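The next block holds one structure in the form of structure tokens; read it before the comments.
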Amino acid sequence: MWNPDQYHRFQRERSRPFFDLVNQIDAAAPRTVADLGCGSGELTATLRDRWPGATIWGVDSSAAMLAQAAAHAAPGRLTFVQADLAAWTPPAPLDVIVANASLQWVDGHPHLLRRLVAALAPQGWLAFQVPVGNRAHQILRALRSEPRWVAQIGPDRVQSSDRALSAAAYIELLLALGCTVDAWETTYMQLLQGDNAVMEWTKGTCVRPILAALSEAEQAEFLAEYGRRLLEAYPPAGYGTLFPFPRLFVVARR
């Protein structure tokens, strides 16, 4: 269901949290690194320069994204794997696991964190960031709950942002797993360009599963109403559309 072109419409804004996350990993010379939910691979490729002695795996479930990632592969250094990140087993214990805006697509975070920490080598690092619910997510949830849509895409379908836990919950879970933990939240005041820019942003992420459940005519109807509400919530100005986007960051060491 991923559309790389739609996702990359706001590539600069989507990339910044990755670097803000990775910059907090104080691993001097890891030997094994995995990027879970690597997408089209251009960010994963920057890890080769960050840790030139590491063997790196990029893992993603989307064939469309991995088709673009293949251009960044480097034999013996960077390998891309099509797999469910919640089920993938690394070929060796990992010194660093990075999961940038990907874990929110996976159910059961307590179980998931136990699995990821178990995949770490001693003194290994787990670093992830997930979006925190914002006004666009709230509008989407309200629209899905209305009589017109509730039977097909109603509130029983979990939105990606609903899977994320609180910072306190992640800290408690990771401490119990024997990790040291640093967690923080940041709100990016994103200035987006284009017509109904916030809708174009969400079409690249949280709206994808909803559109997949609708016919072409229903998609047009749903997007028209969702877009109207987003324009009311995020009115464009001469300089663009201001889209505050909160994210939760967690960096843990085993």
Side-chain angles (χ1 to χ4, degrees), residues 1-4 7 14 17-18 21-22 25 27 30-45 47 54-70 72-74 76-131 156-165 169-170 172-174 176-179 181 204-206 208-210 212-213 248-254:
M1 293 186 294
W2 285 95
N3 182 326
Y7 186 81
R14 296 194 193 278
F18 175 89
L21 176 67
V22 171
I25 303 172
R31 295 167 298 176
T32 51
V33 176
D35 182 10
L36 304 182
C38 64
S40 49
E42 63 276 353
L43 296 177
T44 315
L47 301 179
T55 298
I56 303 169
W57 293 275
V59 181
D60 205 282
S61 61
S62 169
M65 286 292 198
L66 291 175
Q68 294 195 2
H72 304 288
R77 287 279 287 112
L78 173 55
T79 302
F80 291 100
V81 180
Q82 184 173 6
D84 178 352
L85 67 86
W88 179 68
T89 299
L94 295 168
D95 294 318
V96 175
I97 296 174
V98 177
N100 178 62
S102 58
L103 298 191
Q104 73 271 16
W105 298 104
V106 181
D107 291 322
H109 280 201
H111 172 74
L112 176 63
L113 289 186
R114 286 192 293 272
R115 196 172 190 281
L116 294 180
V117 170
L120 291 174
Q123 307 301 314
W125 295 80
L126 168 63
F128 62 92
Q129 68 88 4
V130 291
D156 289 341
R157 286 175 176 259
V158 178
Q159 287 184 195
S160 57
S161 59
D162 294 335
R163 295 185 177 91
L165 306 180
Y170 284 127
E172 291 176 1
L173 282 167
L174 288 164
L177 292 171
C179 297
V181 192
T205 53
C206 61
R208 296 180 308 100
I210 290 174
L248 169 60
F249 293 76
V250 180
V251 176
R253 191 178 191 189
R254 184 175 182 181

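What you are looking at is a predicted structure, and each value in this text was computed from that prediction instead of being measured.
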Cation-pi check, R208 onto W105 ring (under 6.0 Å, within 45° of axis):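 Yes; both conditions hold, so R208 lies above the ring face of W105.
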Inter-residue atom distance Q129.CD - L103.CG, 0.5 Å rounding: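 So the gap between those two atoms works out to 9.0 Å.
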CG-CG distance between L36 and D84, expressed to the nearest 0.5 angstrom: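 Reported to 0.5 Å precision, the distance equals 10.0 Å.
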Side chain to side chain contact (heavy atoms under 4.5 Å, CB included) involving A83 - partner list, sequence neighbours excluded: V59, V81, W88
P110: partners by side chain to side chain contact (heavy atoms under 4.5 Å, CB included), with sequence neighbours left out: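 If we apply the side chain to side chain contact (heavy atoms under 4.5 Å, CB included) test to P110, skipping adjacent residues, the hits are R114, L165, L173.
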Pairing residues for F249 by the ring pair (Phe, Tyr, Trp, His ring centres under 6.0 Å) criterion, not counting sequence neighbours: W184
By side-chain hydrogen bond (donor to acceptor under 3.5 Å, both in side chains) - contacts of R115 (at least two apart): T89
Partner set under side-chain hydrogen bond (donor to acceptor under 3.5 Å, both in side chains) for H109, not counting sequence neighbours: Y170
Donor-acceptor under 3.5 Å (R254 side chain, G124 main chain): no
Q104 side-chain N/O to S102 backbone N/O, donor-acceptor pair under 3.5 Å: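 It does hold such a pair.
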Test side chain to side chain contact (heavy atoms under 4.5 Å, CB included) applied to D35 and D60, step by step: CA-CA 9 Å; D35 182 10; D60 205 282; over 6 Å; no
With R31 via salt bridge (charged side-chain N to carboxylate O under 4.0 Å, His left out) - residues at least two apart: D95
Derivation and outcome, side chain to side chain contact (heavy atoms under 4.5 Å, CB included), residues L21 and V98: CA-CA 8 Å; L21 176 67; V98 177; 4.1 Å; yes
